[in-house]
Engineer: 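Have a look at this one before I ask anything.
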Amino acid sequence: MASDEQQQPLVVDPFCYRQFQECDASANYAGTVFSTSISEFAKIANSRFDPNTLKDGYAPFCKHIFIKNDFTDARVNVLPITPENESLLRTRYESRNEKELPVLSRHFPRDAITTPLPVAKYLDLILYSREQIRKENAATGRDSDSDAPWGIISIKAQDVDFELPMQPITVMRNALGVEEGGSGISLNRANYMASHDYWKDHAVIL
């Protein structure tokens, strides 16, 4: 592990590698994929990191930072569901890696969206603490090979500088034990209903 990486507060966690074109896993990832290299992305993220701007996530070990998207061409990937496009919705069972239980999700197929999507104004960097990453790695047999205090585990391209609600199925998955791909955090009904209120009228583009 490089000594200069150890001094950085942020590192892109291997779980997030699928969002970068340089990694083979990106070929099968339907979400946002960046042409920017992992090392360059981490360098920019660290240069803009301010611990005073960390926002609380769904659990004490989860935080968010929002940075301006002025260095990638990532586009928004969520659309409102309307009478005109609801027939385009598709469902499927999916898991984010071989350790997770597949869960049912719905989405708009990217090739069915004919209107150009705007470049996102912000990137939501979702962070897990090193302690939580080590806990989940121990349960799943992975190793992130880093001592950075925070790991970037997901990146969302969006037009607002605040957290969009987690999808209901992700809330439920997180309530599972780490052995099944969750984080072991009990389901919070108020948070779940807030998620439902948003996602009943929206869907991701995959």
Engineer: To the nearest 0.5 Å, what is the distance between CD1 on Ile113 and CG on Asn77?
Structural biologist: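 Taking CD1 in Ile113 and CG in Asn77, the distance rounds to 11.0 Å.
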Engineer: Please examine the side chains of Leu206 and Arg92, heavy atoms only from C-beta on, and report whether any two atoms are closer than 4.5 Å.
Structural biologist: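 Contact flag for Arg92/Leu206 side chains = yes.
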Engineer: Determine, step by step, whether Val171 and Arg189 satisfy the side chain to side chain contact (heavy atoms under 4.5 Å, CB included) criterion, reporting the C-alpha distance in whole Å, the side-chain angles of both residues, the deciding distance to 0.1 Å, and the verdict.
Structural biologist: CA-CA 10 Å; Val171 176; Arg189 182 178 178 85; over 6 Å; no
Engineer: Is it true that Leu117 and Tyr122 fall in one hydrophobic cluster, defined by side-chain heavy atoms closer than 4.5 Å?
Structural biologist: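 No.
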Engineer: Taking the side chain as every heavy atom from C-beta outward, state whether Ile65 and Phe49 have any atom pair closer than 4.5 Å.
Structural biologist: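 Ile65 reaches Phe49 side chain to side chain.
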Engineer: Not counting sequence neighbours, list each pair that qualifies as a salt bridge (Lys or Arg N to Asp or Glu O under 4.0 Å) and has a residue in residues 42-59.
Structural biologist: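 For residues 42-59, and leaving out neighbouring residues, the salt bridge (Lys or Arg N to Asp or Glu O under 4.0 Å) pairs sorted by first residue read Arg48-Asp70, Asp56-Lys63.
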Engineer: Please confirm whether the backbone N or O of Ala25 pairs with a side-chain atom of Asn28, one donor and one acceptor, at under 3.5 Å?
Structural biologist: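 No, the answer is negative, given that no donor and acceptor are paired below the 3.5 Å cut-off.
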Engineer: Within the structure provided, determine whether Val204 and Phe108 are in side-chain contact (heavy-atom separation under 4.5 Å).
Structural biologist: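 No, their side chains stay 4.5 Å or more apart.
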Engineer: Can you see which heavy atom on Ala190 is nearest to which on Asn188, and at what distance?
Structural biologist: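 Answer, listing the atom of Ala190 first, then Asn188: N-OD1, 3.0 Å.
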Engineer: Counting N and O atoms only, with roles assigned by atom type, does the side chain of Gln158 sit under 3.5 Å from a partner on the main chain of Val160, one being a donor and the other an acceptor?
Structural biologist: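 Checking the backbone N and O of Val160 against the side chain of Gln158, a donor-acceptor pair under 3.5 Å is found.
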Engineer: How close do Leu88 and Pro109 get, counting heavy atoms only, and between which atoms?
Structural biologist: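 Leu88 and Pro109 have their closest heavy atoms at O-CD, 3.1 Å.
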Engineer: Would you compute the distance between atom CD1 of Ile205 and atom CZ of Arg75 and round it to the nearest 0.5 angstrom?
Structural biologist: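 Atom-to-atom, Ile205:CD1 and Arg75:CZ are 11.0 Å apart.
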Engineer: Hey, could you give me each pair passing ring pair (Phe, Tyr, Trp, His ring centres under 6.0 Å) that has a residue in residues 180-206? Not counting sequence neighbours.
Structural biologist: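 Pairs touching residues 180-206 that pass the test: Tyr198-His202.
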Engineer: How far does CG of Asp124 sit from CZ of Phe66, to the nearest 0.5 angstrom?
Structural biologist: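 If I round to the nearest 0.5 Å, the distance is 4.0 Å.
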Engineer: Considering only residues two or more places apart or on different chains, which pairs with a residue in residues 139-162 satisfy ring pair (Phe, Tyr, Trp, His ring centres under 6.0 Å)?
Structural biologist: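 As it turns out, there is no ring pair (Phe, Tyr, Trp, His ring centres under 6.0 Å) pair with a partner in residues 139-162 once direct neighbours are skipped.
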Engineer: Compare every heavy atom of Phe20 with every heavy atom of Ile155, then report the nearest pair and how far apart it is.
Structural biologist: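 Heavy atoms only, the tightest pair is CD1-CZ, 3.8 Å.
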Engineer: Quick one: does any side-chain atom of Asp159 pair with a main-chain N or O of Lys121 as donor and acceptor, under 3.5 Å?
Structural biologist: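 Side chain of Asp159 to backbone of Lys121: a pair is present.
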Engineer: Could you give the distance from OG1 (Thr53) to CG (Asp161), rounded to the nearest 0.5 Å?
Structural biologist: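 Rounded to the nearest 0.5 Å, the OG1-CG separation comes out at 11.0 Å.
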Engineer: Is there a path from Leu125 to Leu54 through hydrophobic residues (I, L, V, M, F, W, Y) whose side chains come within less than 4.5 Å of each other?
Structural biologist: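 Yes, Leu125 and Leu54 fall within the same hydrophobic cluster.
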Engineer: Taking the inter-plane angle between the rings of Phe61 and Tyr128 on a 0 to 90° scale, is it parallel (under 30°), tilted (30 to 60°) or perpendicular (over 60°)?
Structural biologist: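 Perpendicular, since the angle between the ring planes exceeds 60°.
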Engineer: Nearest 0.5 Å please: distance from the NZ atom of Lys156 over to the CE atom of Met166.
Structural biologist: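 Taking NZ in Lys156 and CE in Met166, the distance rounds to 6.5 Å.
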Engineer: With hydrophobic residues grouped by side-chain heavy-atom distances under 4.5 Å, do Ile67 and Val33 end up in a single group?
Structural biologist: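 No, because Ile67 and Val33 fall into different hydrophobic clusters, even though each may have its own neighbours under 4.5 Å.
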Engineer: Cut-off 3.5 Å, side chains only: do Tyr93 and Ser105 have a donor facing an acceptor?
Structural biologist: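 Not at all, the side chains of Tyr93 and Ser105 share no donor-acceptor pair under 3.5 Å.
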Engineer: When you measure from the side chain of Ser129 to the backbone of Gln132, do you find a donor-acceptor pair of N or O atoms at a distance under 3.5 Å?
Structural biologist: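 Between the backbone of Gln132 and the side chain of Ser129 there is a qualifying donor-acceptor contact (under 3.5 Å).
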Engineer: Above 12 or not: heavy atoms from other molecules or residues under 6.0 Å from CG of Asp201?
Structural biologist: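 Yes, CG of Asp201 has more than 12 neighbouring heavy atoms, counting only those of other groups under 6.0 Å.
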Engineer: Measuring from atom CG of Leu79 to atom NE2 of His107, what distance do you get when rounded to the nearest 0.5 angstrom?
Structural biologist: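 Output value for this atom pair is 12.5 Å.
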Engineer: To check you understand the geometry: which heavy-atom pair defines the closest contact between Ala148 and Leu10, and what is its length?
Structural biologist: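 Nearest pair, atom of Ala148 first, then Leu10: CB-C, 4.2 Å.
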Engineer: Where do Glu22 and Ile38 come nearest, in terms of heavy atoms and distance?
Structural biologist: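 In this case the closest contact between Glu22 and Ile38 is OE1-N, 2.7 Å.
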Engineer: Side chains of Glu100 and Arg173: does their closest heavy-atom pair fall under 4.5 Å?
Structural biologist: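 Yes; the side chains approach each other to less than 4.5 Å.
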Engineer: Looking at Phe15, does the NZ or CZ of Arg18 lie under 6.0 angstrom from its six-membered ring centre and within 45 degrees of the ring axis?
Structural biologist: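 Yes, Arg18 sits over the ring of Phe15.
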Engineer: So do Ile126 and Cys62 actually touch side chain to side chain, heavy atoms under 4.5 Å?
Structural biologist: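 They are in side-chain contact.
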Engineer: Is there a path of hydrophobic side-chain contacts, each under 4.5 Å between heavy atoms of I, L, V, M, F, W or Y residues, that connects Leu164 with Tyr58?
Structural biologist: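 No, because Leu164 and Tyr58 fall into different hydrophobic clusters, even though each may have its own neighbours under 4.5 Å.
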Engineer: Are Val119 and Val76 linked, directly or through intermediate hydrophobic residues, by side-chain heavy-atom contacts shorter than 4.5 Å (ILVMFWY only)?
Structural biologist: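 No: no chain of side-chain contacts under 4.5 Å links Val76 to Val119.
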Engineer: Taking C-beta and beyond as the side chain, do Arg130 and Ser146 meet within less than 4.5 Å on heavy atoms?
Structural biologist: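 Yes, at least one pair of side-chain atoms sits under 4.5 Å.
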Engineer: Does any part of the side chain of Phe41, heavy atoms only, come nearer than 4.5 Å to the side chain of Leu123, both counted from C-beta?
Structural biologist: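 Contact flag for Leu123/Phe41 side chains = yes.
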Engineer: Counting only N and O atoms by type, is there a donor-acceptor contact under 3.5 Å from the side chain of Thr82 to the main-chain atoms of Asn85?
Structural biologist: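 Yes, because the side chain of Thr82 sits within donor-acceptor range (under 3.5 Å) of the backbone of Asn85.
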Engineer: Between Asp13 and Ile153, is the side chain to side chain contact (heavy atoms under 4.5 Å, CB included) condition met? List the steps.
Structural biologist: CA-CA 6 Å; Asp13 188 77; Ile153 58 98; 4.0 Å; yes
Engineer: Do you know the tightest heavy-atom contact between Ser195 and Pro165?
Structural biologist: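 Reported closest heavy-atom pair: CA-CB, 3.8 Å.
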Engineer: So, does Gln21 use its side chain to make a donor-acceptor pair with the main chain of Phe34 at under 3.5 Å?
Structural biologist: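 No; zero donor-acceptor contacts below 3.5 Å.
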Engineer: Tell me, with the steps shown, if Ile169 and Leu104 meet side chain to side chain contact (heavy atoms under 4.5 Å, CB included).
Structural biologist: CA-CA 8 Å; Ile169 196 63; Leu104 185 64; 5.7 Å; no
Engineer: Is the shortest heavy-atom distance from the side chain of Ile152 to the side chain of Val11 under 4.5 Å?
Structural biologist: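 The answer is no, as the side chains (C-beta and beyond) never meet within the 4.5 Å cut-off.
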